[in-house]
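Comments concern the structure below.
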Amino acid sequence: MKTRVRFAPSPTGHLHVGGARTALFNYLFAKKTGGTFVLRIEDTDELRSSEESIKSIFSSMKWLDLKWDEGTMPDLSEKGDFGPYMQSKRESLGIYKKYAEQLLKEGKAYYCYCSTEELDAMRKKAQLEKRSSKDEDRCRNLSAAQIEEFRGQGRKPVIRFRMPDDGQTVFEDLIHKHVKFENKLLYDFIMIKASGYPTYNFACVIDDHLMEMTHIIRGDDHISNTPLQLNVYKALGWQPPLHAHLSMILGQDGARLSKRHGATSIAEYQKRGFLPETMKNYLALLGWGTSDSQDIFKKGELEEKFNLSGCQKSPAAFDHVKLAWMNGEYIRQLSKEELFEAAGPYLKDFGLVLDKSNPRHLDIVAIEQEKYKLLGEVGSLVEFFFKDVSYDESVINKTLKAPDIEKILNGIKKTYSEISEFNDVVIEAKTREFAKTNGFKNGQVFHPVRVSVSGRTQGPTLFKMIEYLGKDEVIKRIDKTLSLIITQSTQK
RNA sequence: GGCCCCAUCGUCUAGCGGCCUAGGACGCCGCCCUCUCAAGGCGGAGAUCACGGGUUCGAAUCCCGUUGGGGCCGCCA
């Protein structure tokens with residue numbers, strides 16, 4: 001049988017790291033098994049759902065290159081034979097109501113007239129008495145007269161599911177193995193809200209069944225919901241899908257990942273200059289691994305190697321340091337053109353508008369490729385090629401106050417001005433020759449030249465940098481440095 | 001508070017009864033390379049496998065308990 005899995009986000013915000021990981025694992029599982037990856041929108045929270053969130057989630061999924069075969073598509077159209085795929089649309093079609101009424105008729109569900117306030121009071125009381133906060137199920141066995149009375153009071157009922165009083169609900173989780181719950185501890189959850197909208201635990205069962213899902217892959221914060229849902233399948237006489245509960249993603253301190261751990265939304269990582277390949281690879285390793293602990297995967301390799309048996313039961317901490325290292329790895333794998341393409345948008349923040357048909361621009365952006373960890377930092381490392389440099393105090397003190405500094409810079413200026421073929425090989429040879437014939441150590445010459453042309457003590461490989469800067473510019477910058485040194489020494 | 005889940009270097013993980021004096025990766029330290037910083041190469045420190053009981057000739061691996069962490073207990077999903 002062909003596998004069918006789904007990612008079912010609730011559009012109440014951006015796609016966050018945990019959601020993206022769930023989406024990724026479903027996607028990888030579908031790819032690996034040759035199945036279908038469905039996208040369903042769970043917008044049954046009338047207050048918090050927004051189309052803006054849907055757009056944002058889709059945009060992050062597109063960035064991660066997570067394409068789905070069926071469901072609500074990026075342009076909000078519907079694709080597939082099991083639609084609509086947006087729960088609000090399904091609600092207006094009366095899909096949930098239909099099954100709720102069936103359960104009502106069979107006595108497997110009932111109307112509850114309790115108000116939110118009454119429920120809160122009951123829960124509080126239970127907490128005080130240190131009992132489980134399982135509701136009193138006050139409306140479970142209402143007489144016709146009582147129902148009449150509540151109706152007369154104009155109360156708007158909700159529909160609750162009638163949980164079995166005894167027995168156990170067990171399931172074989174694909175990751176956690178045997179999981180068992182006592183039915184008497186389960187509560188009569190609300191299936192249909194007073195507004196007529198279904199709740200998550202109900203809508204999800206109806207849709208997963210109707211959409212013929214074979215596997216439910218989701219976060220293990222849903223383990224406690226599973227027995228509730230399993231009882232609905234049973235009451236409806238349906239065969240439930242297989243479940244696989246993924247471990248949670250935690251912050252470095254072991255607490256649930258939240259804003260205070262830094263960025264949690266995928267959009268934020270995109271903005272900071274992570275490559276989508278990095279995110280995908282890193283997320284895949286959070287709660288999953290291969291038998292040889294592989295850490296970098298080539299394109300298409302995850303799709304080929306992913307399996308549920310490699311999934312971890314224990315939670316994983318999100319490590320920004322390792323993420324940054326991995327991004328560096330991926331940046332290093334880029335061709336010059338790809339790097340330029342990827343870094344382009346981030347360069348604009350530095351006021352740099354470069355031209356990819358200009359080979360010099362391509363070379364400059366790639367000159368420190370092995371050093372980049374974030375696309376967002378490329379600009380700060382290469383902007384000196386295009387802007388006037390300034391020399392700060394510490395740099396001057398460190399390098400430009402060495403003995404013979406004027407002699408060195410003047411000599412280098414002359415040497416460079418005499419080079420006709422201004423490329424790194426020639427520049428390097430001439431620079432070394434200058435040092436040797438004048439009795440200077442290489443470093444004695446290299447360091448001040450670096451500072452003169454770049455304003456920094458550390459940077460790209462020196463002679464390439466000089467080549468890319470160009471003869472005129474280099475001489476101009478050496479002159480500027482020289483005048484700075486002279487001004488400083490006359491002041492004293 | 002009730003129920004459920006989880007537990008191998010700081011972190012991600014390999015391990016699925018003997019191959020483990022526990023392997024890899026990130027990070028950290030040292031050396032090499034070298035025009036700086038990186039990258040790369042080599043090496044090192046780092047886990048009595050949470051703890052305590054079993055089972056077994058033999059346990060990180062199986063069982064029980066304890067502790068710790070996490071999740072759920074919403075007319076949120």
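We name chains A, B, ... by the order of the sequence lines, and we start the count at 1 in each one.
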Let me have the donor-acceptor pairs involving side chains of residues 275-284 of chain A, under 3.5 Å, with sequence neighbours excluded, atom names and distances please.
{"unit_1": "A:Thr278", "atom_1": "OG1", "unit_2": "A:Asn327", "atom_2": "OD1", "d": "2.6"}
{"unit_1": "A:Lys280", "atom_1": "NZ", "unit_2": "A:Glu303", "atom_2": "OE2", "d": "3.4"}
{"unit_1": "A:Asn281", "atom_1": "OD1", "unit_2": "A:Phe297", "atom_2": "N", "d": "3.0"}
{"unit_1": "A:Asn281", "atom_1": "OD1", "unit_2": "A:Tyr330", "atom_2": "OH", "d": "2.5"}
{"unit_1": "A:Asn281", "atom_1": "ND2", "unit_2": "A:Asp295", "atom_2": "O", "d": "3.0"}
{"unit_1": "A:Tyr282", "atom_1": "OH", "unit_2": "A:Asp319", "atom_2": "N", "d": "2.7"}
{"unit_1": "A:Tyr282", "atom_1": "OH", "unit_2": "A:Asp319", "atom_2": "O", "d": "3.4"}

Over all strands shown, is A:Cys311 touching base, sugar-phosphate only, or nothing at heavy-atom distances under 4.0 angstrom? nothing
Residues of residues 440-456 of chain A with any non-hydrogen atom less than 4.0 angstrom from an atom of RNA chain B: list those, numerically ordered, please. A:Phe446, A:His447, A:Arg450
Can you list every pair that meets salt bridge (Lys or Arg N to Asp or Glu O under 4.0 Å) and has a residue in residues 108-122 of chain A, with sequence neighbours left out? A:Glu106-A:Lys108, A:Glu118-A:Arg138, A:Glu118-A:Arg155, A:Asp120-A:Arg123
So which protein N/O to nucleotides 32-34 of chain B N/O distances come out below 3.5 Å?
none

Quote, to the nearest angstrom, the P distance that separates B:G10 from B:C49. 13 Å
Determine which pairs satisfy side chain to side chain donor-acceptor pair (under 3.5 Å) with at least one residue from residues 8-26 of chain A, sequence neighbours left out, and list them in order. A:His14-A:Ser56
What does the list of N/O pairs under 3.5 Å between the protein and nucleotides 66-70 of chain B look like, with a distance for each?
none

Those residues that, when tested against A:Ala194, pass side-chain contact (heavy atoms from CB on, under 4.5 Å) (two or more places apart): A:Lys156, A:Val158
Does any N or O in the side chain of A:Arg162 come within less than 3.5 Å of the main-chain N or O of A:Arg140, such that one atom is a donor and the other an acceptor? yes
If I pick the P atom on B:U21 and the same atom on B:C3, what distance separates them, to the nearest angstrom? 40 Å
Counting only Watson-Crick or G-U wobble pairs whose two distances fall under 3.5 Å, which nucleotide matches B:A50? B:U66
With sequence neighbours left out, which residue pairs that include part of residues 436-458 of chain A fulfil the ring-ring contact (aromatic ring centres under 6.0 Å, His included) condition? A:Phe446-A:Phe463
What is the nucleic acid contact for A:Ile296, judged by heavy atoms within less than 4.0 Å: base, sugar-phosphate only, or nothing? nothing
Return the set of residues passing side-chain contact (heavy atoms from CB on, under 4.5 Å) with A:Ser50 (not counting sequence neighbours), or none when no residue passes. A:Glu52, A:Ser53
Closest to the A:Ala194 side chain, choosing from B:G71, B:C12, B:C75: B:C75
Answer yes or no: is there an ion pair linking A:Lys373 with A:Glu377, defined by an N-O contact shorter than 4.0 Å? no
Results of ring pair (Phe, Tyr, Trp, His ring centres under 6.0 Å) for A:Phe7 - residues two or more places apart only: none
Watson-Crick or G-U wobble partner of B:A25, both distances under 3.5 Å: B:U11
Answer with base, sugar-phosphate or nothing: what part of the nucleic acid does A:Gly328 contact at a heavy-atom distance below 4.0 Å? nothing
To the side chain of A:His222, which of B:C76, B:C72, B:A77 is closest? B:A77
Write down the distance separating the P atoms in B:C76 and B:C63, rounded off to the nearest Å. 40 Å
Distance-only donor-acceptor test, A:Ser10 side-chain atoms vs B:C76 base atoms, 3.5 Å: no
Using the P atoms only, state how far B:C73 lies from B:G46, rounded to an integer number of Å. 44 Å
Which nucleotide in the set B:A14, B:G40, B:A77 lies at the smallest distance from any side-chain heavy atom of A:Gln312? B:A14
I'd like to know whether the aromatic ring centres of A:Phe350 and A:Phe384 sit less than 6.0 Å apart in this structure. no
When the ring planes of A:Tyr233 and A:His209 are compared, do they come out parallel, tilted or perpendicular, using 30° and 60° as the limits? perpendicular
Distances under 3.5 Å between protein N/O atoms and the N/O atoms of nucleotides 20-27 of chain B, please, pair by pair.
{"unit_1": "B:G23", "atom_1": "N2", "unit_2": "A:Ser293", "atom_2": "OG", "d": "2.5"}
{"unit_1": "B:A25", "atom_1": "O4'", "unit_2": "A:Asp295", "atom_2": "OD2", "d": "3.1"}
{"unit_1": "B:A25", "atom_1": "O2'", "unit_2": "A:Asp295", "atom_2": "OD2", "d": "2.8"}
{"unit_1": "B:A25", "atom_1": "N3", "unit_2": "A:Lys322", "atom_2": "NZ", "d": "3.2"}

Here the distance between atom C1' of B:C6 and atom NE2 of A:His178, to the nearest Å, is 17 Å
So what does A:Pro9 hit on the nucleic acid, given a heavy-atom distance under 4.0 Å: a base, only sugar-phosphate, or nothing? nothing
Whole angstrom value for the distance that separates P of B:C76 from CG of A:Leu119: 12 Å
Among B:U11, B:A7, B:U36, the nucleotide that comes nearest once only the side chain of A:Thr461 is considered: B:U36
Classify the angle between the aromatic ring planes of A:Phe306 and A:Trp288 as parallel (below 30°), tilted (30 to 60°) or perpendicular (above 60°). tilted
Can you find a side-chain donor-acceptor pair between A:Asp207 and A:Tyr85 that sits under 3.5 Å? no
Could you measure between the two P atoms, the one in B:C9 and the one in B:C4, and give it in whole Å? 26 Å
d(CD1, A:Ile367; C1', B:U36) in whole Å: 13 Å
Nearest-nucleotide comparison on RNA chain B, the residue closer to the 5′ end among A:Tyr372 and A:Ile223: A:Ile223
Within the 6.0 Å centroid threshold, strictly below: A:His215 and A:Phe29: yes
Residues that A:Ile147 engages under side-chain contact (heavy atoms from CB on, under 4.5 Å), provided they are two or more places apart: A:Tyr113, A:Leu142, A:Arg151
With rounding to the closest Å, how many angstrom separate the P atoms on B:A60 and B:C20? 13 Å
At 4.0 Å (heavy atoms only), tell me whether A:Phe181 reaches a base, stays on the sugar-phosphate, or touches nothing. sugar-phosphate
Could you let me know what B:C20 is paired to, Watson-Crick or G-U wobble, both distances under 3.5 Å, or none if it's on its own? none
In whole Å, measure the gap between the P atoms of B:G70 and B:U61 for me. 24 Å
Look at all strands and tell whether A:Ala316 reaches a base, only sugar-phosphate, or nothing, counting heavy atoms closer than 4.0 Å. sugar-phosphate
Distance check needed: B:A77 P versus A:Arg6 CZ, whole Å only. 14 Å
Watson-Crick or G-U wobble partner for B:C3, using a 3.5 Å limit on both distances? B:G71
What contact category does A:Leu462 fall into here, base, sugar-phosphate, or nothing, at under 4.0 angstrom with non-hydrogen atoms? base
Of A:Arg332 and A:Lys193, the one whose closest RNA chain B nucleotide lies more 5': A:Arg332
Look at all strands and tell whether A:Thr290 reaches a base, only sugar-phosphate, or nothing, counting heavy atoms closer than 4.0 Å. sugar-phosphate
Please pick, from B:A38, B:G74, B:C75, the nucleotide with the shortest atom-to-atom distance to any side-chain atom of A:Thr116. B:C75
Would you call A:Arg256-A:Asp221 a salt bridge at under 4.0 Å N-O? yes
Rounded to whole angstrom, note down the P distance from B:G68 over to B:A59. 28 Å
Does the pair A:Ser309 and A:Asn307 meet the rule for a side chain to side chain donor-acceptor pair (under 3.5 Å), with working shown? CA-CA 5 Å; A:Ser309 61; A:Asn307 55 1; 3.2 Å; yes
